[in-house]
S.K.: 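First the structure, then my questions, so here it is.
In what follows, every heavy atom counts, from backbone to side chain, and hydrogens, waters and symmetry copies are set aside. None of these values were measured; they are calculated from a predicted model.
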Amino acid sequence: MTGRELGAELAGIALLWLPGRGLLELVPGLRRLPAVRRQGYAYLLGTVAVGGALFAASHLLAVPLRPPAIWGAVLLPAAAGLGAAALRRGRRKPRPKPRDRPAGAWRWLAWAGVAVACLGPLAWAVSTQVDDWDGRMTWGAQAAYLRAEGTVDAETLRDRRWLVVNPRYPPLLPLVQVAIQETFGAGEDELLFRGAYVAFFAALVLVIYDGARRAAGAAAATLAMLTVALLPFLSYGPGGATSTYSDLPLGALYGGALVLLLAARPRAAEGLAAGLLLAGAVLCKNEGLPLALVALALGASRLRRAGSRRPGWRSSKPRLRWLAAALLPAALAVALLAGWRAGIPNRDTDDYLVYLGAAGFGGLLHGAAARLPVIAREVWRWSANWQNWHGFWALAAVVLAAGWRGLRRRHGGLMAVAAATPPALALVSYTIGARFPGLIFETWNRFLEQAMVPVVVVFALALDDVLRRLRGQPPVSAIGESRQRPQQQGECCLPRV
């Protein structure tokens, strides 16, 4: 790799981070986070801003996918955020941002280990060619079609005479690849977007730390973050940081939205940020739509709790605005994706909705009963694979069994439901899918990857309970939390950090 190519790889990461950094200035709860914890959200929001804006502009307005449109998608959000920050500083003295410095040498070492765990895949990715199957077959090929024709409505996708695998697959990540390649003038054999996929791994780790830090405190969050950062599958597996699959980005987007919906203050700005991440999930992968629906349903449960404490329409209006702000971007993404797909004949892809409709409820139960022994055996085989997971799932089961009381904290149960959703989608697909049992080998680890943020938040809650018991401290129960200082209107019901 030449110095120019390495510079373009790193600049491609900055190209996606910059608009997200501007959007952070418009979200009070995110811009006030410690600096390190903000960066994961900045990268994810920037990815959605760039990819989503190019998708809408190309499909709705026929804007070519060329550098002028790309720079517009990058600079407009960045300028809006910088302008809002300048106006805010002119009106009043800025509030000091909290610092999240590790307390103790072991936490410094943990953060150093996380940094090394991120730099290793980056060095590997930028120095090698793409060698994963799905990345080259689906997202890489789609990006080549879009870039060659300069439009998201490429004739290669819309003409059924062309043999294209998964032509209707959500195009967010191919558009990100096009944006980086076009901006830096990549040649036919120059990728220049490998670093961008590794950056999703770093964003995932930072979102995990933020969610676990809000829920379980610094010590448990640091240990949980380090544990996840060192898992081989997330770094080098098929679907990990060194690949060009969409599962790692989907896991980061889904998890980031969950943290904002369940642990942040229910304000319209935070709801809009969560909605943008859910829109990115919808435009990232087919599983993004059901995951977004589950995340919104879990977030809506906060409305019921608000009404039980202070019944009445007026007391619920702020939370209704918050939920509406989260719903709007996701709904627009669904409509945009449906309109784009309407002009593309489906071919060479599995349609699980058709399978589900053909099977019906009775067929689903019969298929589950017939295939369950094979599903259980293969799921255990790949979950227990030491080369991929280094025993993480066994460790998580032991910690959860010992620290289950930690899940009695607010949102512990909701995060557990969110963690179980991607594996549940996998089991349904295995029950009705035509490519059984090979589909389990191809996808089970990637479904686990999509669930990593809520899984690790639940793990951190249980771990914190275990650590408290080892130190002789009383466990933090849901009752104990409810007796903390009264919360202000609209404030998050988890401990402030």
Side-chain angles (χ1 to χ4, degrees), residues 13 15-24 26-27 30 39-59 70 73-74 77 139 142-143 152 169-180 193 196-197 199-204 206-207 210-211 244-261 264 269-296 299 325-338 340 418 421-422 449-454:
I13 298 174
L15 188 76
L16 301 180
W17 170 85
L18 182 61
R21 181 64 186 86
L23 291 176
L24 283 187
L26 306 177
V27 185
L30 291 180
Q39 308 314 316
Y41 295 106
Y43 188 76
L44 296 176
L45 288 171
T47 298
V48 177
V50 173
L54 291 177
F55 190 8
S58 178
H59 179 64
I70 296 167
V74 171
W139 297 280
Q142 192 181 73
V152 75
Y169 221 85
L172 179 70
L173 293 178
L175 286 168
V176 166
Q177 295 184 25
V178 171
I180 294 174
F193 53 76
Y197 279 87
F200 283 113
F201 173 55
L204 177 77
L206 292 176
V207 168
D210 181 53
T244 54
Y245 285 39
S246 61
D247 301 275
L248 190 63
L250 176 59
L253 292 164
Y254 172 57
L258 282 170
V259 172
L260 296 182
L261 286 172
E270 276 75 5
L272 186 60
L276 287 173
L277 295 181
L278 291 178
V282 169
L283 299 177
C284 180
K285 208 169 191 290
N286 285 334
E287 297 93 304
L289 177 56
L291 293 182
L293 293 175
V294 169
L296 287 169
L327 178 62
L328 180 60
L332 291 176
V334 172
L336 179 63
L337 185 62
W340 174 72
T421 300
E449 190 174 42
Q450 295 172 19
M452 286 311 296
V453 173

S.K.: Does Gln142 use its side chain to pair, donor to acceptor, with the backbone of Tyr169 at less than 3.5 Å?
M.R.: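 Between the backbone of Tyr169 and the side chain of Gln142 there is a qualifying donor-acceptor contact (under 3.5 Å).
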
S.K.: How long is the straight-line distance from CD of Gln450 back to OG of Ser246, given to the nearest 0.5 Å?
M.R.: 7.5 Å

S.K.: Taking all heavy atoms of Leu258 and all of Ala295, pick out the closest pair and write down the distance.
M.R.: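 Looking at all heavy atoms of both residues, the closest pair is CD2-CB, 3.9 Å.
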
S.K.: Ignoring hydrogens, what is the shortest heavy-atom contact between Leu260 and Leu277? Give both atom names and the distance.
M.R.: CD1-CD1, 4.1 Å

S.K.: May I have the step-by-step check of side chain to side chain contact (heavy atoms under 4.5 Å, CB included) for Phe200 and Leu173, ending in yes or no?
M.R.: CA-CA 11 Å; Phe200 283 113; Leu173 293 178; 4.0 Å; yes

S.K.: Are Val152 and Leu54 close enough, and set up right, to give a side chain to side chain contact (heavy atoms under 4.5 Å, CB included), and what steps lead you there?
M.R.: CA-CA 8 Å; Val152 75; Leu54 291 177; over 6 Å; no

S.K.: Mind listing the closest non-hydrogen atom pair of Ala49 and Ala73 along with its distance?
M.R.: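 Looking at all heavy atoms of both residues, the closest pair is O-CB, 4.5 Å.
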
S.K.: From Leu276 CG over to Thr47 OG1, what is the distance, rounded to the nearest 0.5 angstrom?
M.R.: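 Leu276 atom CG to Thr47 atom OG1 measures 12.0 Å (nearest 0.5 Å).
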
S.K.: What are the two closest non-hydrogen atoms of Leu296 and Ala330, and how far apart are they?
M.R.: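 Heavy atoms of Leu296 and Ala330 come nearest at CD1-CB, 4.5 Å.
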
S.K.: Among Leu253, Leu26, Val50, Leu23, find the one that has a side chain to side chain contact (heavy atoms under 4.5 Å, CB included) with Leu45.
M.R.: Leu23

S.K.: Would you check if the side chain of Tyr43 reaches a backbone N or O of Ala196 as a donor-acceptor pair within less than 3.5 Å?
M.R.: yes

S.K.: Sub-3.5 Å donor-acceptor pair from the side chain of Tyr254 to the main-chain atoms of Ala418, do we have one?
M.R.: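 Here the side-chain-to-backbone pair exists.
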
S.K.: State the SG-CG distance between Cys284 and Leu291, to the nearest 0.5 angstrom.
M.R.: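 CG of Leu291 is found 10.5 Å from SG of Cys284.
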
S.K.: Listing request: all salt bridge (Lys or Arg N to Asp or Glu O under 4.0 Å) pairs with a residue in residues 275-293, at least two apart in sequence or in separate chains.
M.R.: Asp247-Lys285, Lys285-Glu287

S.K.: With the side chain counted from C-beta on, respond yes when Glu270 and Val27 share a heavy-atom pair under 4.5 Å apart, and no when they do not.
M.R.: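 Yes, their side chains come closer than 4.5 Å.
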
S.K.: Only one of Pro170, Pro174, Pro171 clears side chain to side chain contact (heavy atoms under 4.5 Å, CB included) with Phe55; which?
M.R.: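 For Phe55, the side chain to side chain contact (heavy atoms under 4.5 Å, CB included) check succeeds only for Pro171.
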
S.K.: Do the side chains of Leu248 and Tyr197 get nearer than 4.5 Å, heavy atoms only?
M.R.: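 Answer no - side chains too far apart.
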
S.K.: Is any side-chain heavy atom of Ile180 closer than 4.5 Å to a side-chain heavy atom of Val176?
M.R.: yes

S.K.: Cut-off 3.5 Å, side chains only: do Gln177 and Trp139 have a donor facing an acceptor?
M.R.: no

S.K.: Taking it one step at a time, do Leu278 and Leu261 satisfy side chain to side chain contact (heavy atoms under 4.5 Å, CB included)?
M.R.: CA-CA 10 Å; Leu278 291 178; Leu261 286 172; 4.1 Å; yes

S.K.: Provide the full list of salt bridge (Lys or Arg N to Asp or Glu O under 4.0 Å) pairs with a residue in residues 43-56, sequence neighbours left out, each pair given once.
M.R.: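 As it turns out, there is no salt bridge (Lys or Arg N to Asp or Glu O under 4.0 Å) pair with a partner in residues 43-56 once direct neighbours are skipped.
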
S.K.: Identify the heavy atoms of Gly51 and Leu175 that sit nearest to each other, and give their distance.
M.R.: O-CD1, 3.5 Å

S.K.: Restricting to non-hydrogen atoms, name the atom on Ala252 and the atom on Leu44 that form the minimum distance, rounded to 0.1 Å.
M.R.: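 Looking at all heavy atoms of both residues, the shortest contact is O-CD1, 3.5 Å.
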
